[in-house]
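What follows is a short report on a single structure.
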Amino acid sequence: SNLRTNKLYQLGILTAVTVISLSALLTVDLAGGMTRGWTVAETAARIPLDDWAFYNDVLQKYPVLTKAATSGTVYGIGDILAQSTEGKEVGELD
């Protein structure tokens with residue numbers, strides 16, 4: 001019961017963060033600071049380029065922090081994928 005409640009809280013938080021992040025990503029041009037609606041084709045073409053430019057700008061300004069965040073993110077995703085392929089569920093991940 002308590003474990004199920006914790007799983008629901010975690011799922012809710014993860015869902016909220018994902019929705020907010022995707023909303024911001026799909027409606028804001030980070031390089032230009034301009035909010036606008038994008039077509040699917042424009043999104044597919046612009047997001048990777050804008051994100052790469054933004055990442056390179058941050059990398060130049062804060063190289064150690066950016067590399068640490070990138071490394072931690074990639075490690076975390078890899079760890080979750082590895083544990084998931086071993087049959088662990090979200091609540092069992094360590």
Side-chain angles (χ1 to χ4, degrees):
S1 172
N2 194 18
L3 181 61
R4 183 174 169 83
T5 303
N6 285 340
K7 285 183 181 182
L8 289 175
Y9 284 135
Q10 291 173 356
L11 181 62
I13 291 169
L14 182 62
T15 302
V17 168
T18 302
V19 167
I20 290 168
S21 298
L22 286 175
S23 173
L25 185 65
L26 293 174
T27 59
V28 175
D29 181 358
L30 294 175
M34 181 170 52
T35 303
R36 60 190 166 94
W38 288 356
T39 65
V40 174
E42 187 179 16
T43 300
R46 292 287 312 254
I47 286 180
L49 299 174
D50 289 348
D51 287 348
W52 186 251
F54 179 74
Y55 175 78
N56 281 323
D57 289 343
V58 173
L59 185 60
Q60 287 180 355
K61 291 178 186 173
Y62 311 101
V64 174
L65 182 61
T66 304
K67 290 176 184 180
T70 302
S71 177
T73 301
V74 171
Y75 176 82
I77 291 170
D79 187 47
I80 290 170
L81 289 173
Q83 290 185 51
S84 296
T85 59
E86 292 297 316
K88 289 191 176 184
E89 293 185 19
V90 173
E92 298 173 327
L93 297 177
D94 54 349

> Can you find a side-chain donor-acceptor pair between Asn56 and Gln60 that sits under 3.5 Å?
Replying inline: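 There is no such pair (donor and acceptor under 3.5 Å, judged by atom type) between the side chains of Asn56 and Gln60.
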>> Within the supplied structure, the quantity of interest is the number of heavy atoms (other residues, nucleotides, ligands) at a distance under 6.0 Å from Tyr55 OH; does it exceed 12?
In response: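 Yes, the 6.0 Å shell around OH holds more than 12 heavy atoms from other groups.
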> Quick one: CD1 on Ile80 to OH on Tyr75, what's the gap to the nearest 0.5 Å?
Replying inline: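 Rounded to the nearest 0.5 Å, the CD1-OH separation comes out at 10.5 Å.
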>> Working to the nearest 0.5 angstrom, can you tell me the gap between Leu65 CG and Thr70 OG1?
In response: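 Taking CG in Leu65 and OG1 in Thr70, the distance rounds to 9.0 Å.
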>> With a 3.5 Å distance limit and no angle check, can you tell me whether Thr85 reaches the backbone of Ala82 through a side-chain donor-acceptor pair?
In response: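 Yes; judged by distance alone, with no hydrogens or angles, the pair exists.
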> Does the Ser71 side chain pair with the main chain of Lys67, one donor and one acceptor, at a distance under 3.5 Å?
Replying inline: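 Not confirmed, Ser71 side chain does not pair with Lys67 backbone.
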> Any link between Leu59 and Tyr62 through a network of hydrophobic side chains (Ile, Leu, Val, Met, Phe, Trp, Tyr) touching at under 4.5 Å?
Replying inline: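 No, because Leu59 and Tyr62 fall into different hydrophobic clusters, even though each may have its own neighbours under 4.5 Å.
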